[in-house]
Amino acid sequence: GVRVSNLERNADMVKWTGYLRYDYFSDRNSTDHTKKNTNRIRFRLFPSAEVNDHWKVNARLDTQFSMKDDNGSNVTLGRAYADGTYGKLNIKLGKQDLYSAADEGMVFDDVISGAKVSFGNVVKASVTAGRMSKFADRDVAGNYQGIELGYHSGKLVQSGVAYRHFSSEQFKNAYLYNTNGAPQDKADIWSVGAKYAFDKNTALSAAYANNTKADELKKGMSFQFDYKGADKSNMGSWGAYVAYRHIGANVGLAPTFLTDQLTSVTTNGAKGIDLGLGYIPFKNVLMQAQYFNGKELKTDNKVQTLYGRVSFFF
């Protein structure tokens, strides 16, 4: 009995989760009649190991391949960080996710290598600093520092305000300019947002962001109405949303929204209607469909994205 108990305790120290996912994207520009389709299989593993009563280590292993030409990638280490908790204080050190929670991912949803310190409960503060190995899917490194304050209570599911500072040489080669029209290698972004739940099935969220270092394409806003929600552990559950996005390329640096999948939006920005639906046909299987219809901010070209996803979680 003692030996079995020890085995069970040690086995629980390392846990593995993950998913296999199929993604389909269809990006269309109505002005120049261009069309780009993407069929992708993505596989990710999430190991988590307990170190002691306060610390654990998390990681993510990634690989993917294109179904069009059966061309795959090597397995890469997407995340690797130590996670420590002392009461209401949390410390994360290493390669980790950076998600702009105040604006629900409108500004940034990617990865940095650095440190994040969070503390609080109903009112929560976080300070983050680190370095990005690449910026905006380009092989140019960048630095990041940010502070965020959040509050939630009752039907106010989420609210927050944040300041984020990015610096990268890539800005000089891309589209950021200061007030004198000279090349700018920095982005100072302020954002604010909130989400209110009317009942267990309906919620409304809004967010606004502004990059004070940019001359143009520097503002972003999002309004979204959610109905229900797909719970992967509950077969038959579903959820839907309708949203309006207006995201300038100089403020939505790596947004989590569907507008980021438009190939031209990374330089021109976009505005329009975003629709989404999620359904759980079987336990731990999620089917999603999304559609964006709008215009590029800089060119006024009409753009559309049709997106489908099937995820198998384990």
Find the distance between CG (D97) and NZ (K116) and round it off to the nearest 0.5 Å.
9.0 Å
Please say yes or no: joined through hydrophobic side-chain contacts below 4.5 Å, possibly via intermediate residues, are Y81 and W16 part of one cluster?
no
Side-chain contact, heavy-atom cut-off 4.5 Å: D83 with N90?
yes
Is it true that atom CZ of F282 has more than 12 heavy atoms of other residues, nucleotides or ligands lying nearer than 6.0 Å?
no
Does the side chain of K36 reach to within under 4.5 Å of the side chain of F25, using non-hydrogen atoms?
no
Mind listing the closest non-hydrogen atom pair of A230 and L286 along with its distance?
CB-CD1, 3.9 Å
For D103 and W190, what are the C-alpha separation, side-chain angles and deciding distance, and is it a side-chain contact (heavy atoms from CB on, under 4.5 Å)?
CA-CA 10 Å; D103 49 76; W190 294 87; over 6 Å; no
Taking the ring of F198 and the ring of Y196, is the distance between their centroids below 6.0 Å?
yes
I would like to know whether S26 and N37 meet side-chain hydrogen bond (donor to acceptor under 3.5 Å, both in side chains); could you show each step before the answer?
CA-CA 4 Å; S26 180; N37 293 337; 2.8 Å; yes
Are any of the side-chain nitrogens in E50 or K15 under 4.0 Å away from the carboxylate oxygens of its partner?
no
Indicate yes or no for a side-chain donor-acceptor contact from N250 to the backbone of E216 under 3.5 Å, with no hydrogens or angles considered.
yes
Could you check if a side-chain atom of D274 sits within less than 4.5 angstrom of a side-chain atom of Y241, using non-hydrogen atoms only?
yes
T128 and L98: which non-hydrogen atoms are nearest, and at how many Å?
CG2-CD1, 4.4 Å
Provide the closest heavy-atom pair for D231 versus S237 in the form atom of the first, atom of the second, distance.
N-OG, 2.9 Å
Does L149 belong to the same Ile/Leu/Val/Met/Phe/Trp/Tyr cluster as L156, with side-chain heavy atoms less than 4.5 Å apart forming each link?
no
If hydrophobic clusters are built from ILVMFWY residues whose side chains come within less than 4.5 Å, do L89 and V127 share one?
no
Determine the interplanar angle of the Y19 and F313 rings, folded into 0 to 90°, and report it as parallel if under 30°, tilted if 30 to 60°, perpendicular if over 60°.
perpendicular
Can V122 and Y151 be said to form a side-chain contact (heavy atoms from CB on, under 4.5 Å), step by step?
CA-CA 6 Å; V122 176; Y151 172 81; 3.4 Å; yes
For Y227 and W238, take the angle between the two ring planes, folded into 0 to 90°, and tell me which bin it lands in: parallel under 30, tilted 30 to 60, perpendicular over 60.
tilted
S100 side chain vs F108 backbone, donor-acceptor pair below 3.5 Å:
yes
Return yes if a side-chain donor-acceptor contact under 3.5 Å exists between D62 and Q64, otherwise no.
no
Grab the two heavy atoms, one from W55 and one from N52, that are nearest each other, plus how far apart they are.
N-OD1, 2.8 Å
Output, in order, the C-alpha distance, side-chain angles, deciding distance and verdict of side-chain contact (heavy atoms from CB on, under 4.5 Å) for Y279 and L277.
CA-CA 7 Å; Y279 176 66; L277 176 67; 5.6 Å; no
Can you get from I112 to V117 by hopping between Ile, Leu, Val, Met, Phe, Trp and Tyr side chains that sit under 4.5 Å apart?
no
For the side chain of Q96 and the backbone of G114, is there at least one donor-acceptor N/O pair under 3.5 Å apart?
yes
Separation of L253 CG from I247 CD1 (nearest 0.5 Å)
11.0 Å
M132 versus V111: any side-chain heavy-atom pair under 4.5 Å?
no
Could you please spell out the steps behind the side-chain contact (heavy atoms from CB on, under 4.5 Å) verdict for F166 and N143?
CA-CA 6 Å; F166 299 86; N143 295 317; over 6 Å; no
Measure the shortest side-chain to side-chain distance between I273 and Y291 over non-hydrogen atoms and say whether it is less than 4.5 angstrom.
no
S311 side, atom OG; M287 side, atom CE - distance, nearest 0.5 Å
10.5 Å
Would you mind telling me which of H246, R245, E104 makes a side chain to side chain donor-acceptor pair (under 3.5 Å) with S222?
R245
Atom pair CZ (F43) and CG (L20), whose distance is rounded to the nearest 0.5 Å
7.0 Å
Side chains of T202 and F225: closer than 4.5 Å at any heavy-atom pair?
yes
Sub-3.5 Å donor-acceptor pair from the side chain of E148 to the main-chain atoms of A102, do we have one?
yes
Would you give the length of the straight line joining atom NZ of K92 to atom OG1 of T85, rounded to the nearest 0.5 angstrom?
8.5 Å
Distance, nearest 0.5 Å, that separates CZ of R164 from CD1 of I189
8.5 Å
M106 versus Y208, closest heavy-atom pair with distance
CE-C, 3.9 Å
Quick test of your reading of the model: are K186 and D188 salt-bridged, counting only N-O distances below 4.0 Å?
no
Under the 3.5 angstrom rule, does the side chain of N284 hit a backbone N or O of S233 as a donor-acceptor pair?
no
Quick one: do V51 and V14 end up in the same hydrophobic cluster if we chain Ile, Leu, Val, Met, Phe, Trp and Tyr together by side-chain heavy atoms under 4.5 Å apart?
no
What I want to check is whether the side chains of D185 and S167 have a donor and an acceptor closer together than 3.5 Å.
no
Specify the closest pair of heavy atoms between S168 and G142, including all atoms of both residues, with the distance to one decimal.
CB-CA, 4.0 Å
Is it true that R40 and D23 have a side-chain N and a carboxylate O under 4.0 angstrom from each other?
yes
Any side-chain heavy-atom pair from F46 and R60 closer than 4.5 angstrom?
yes
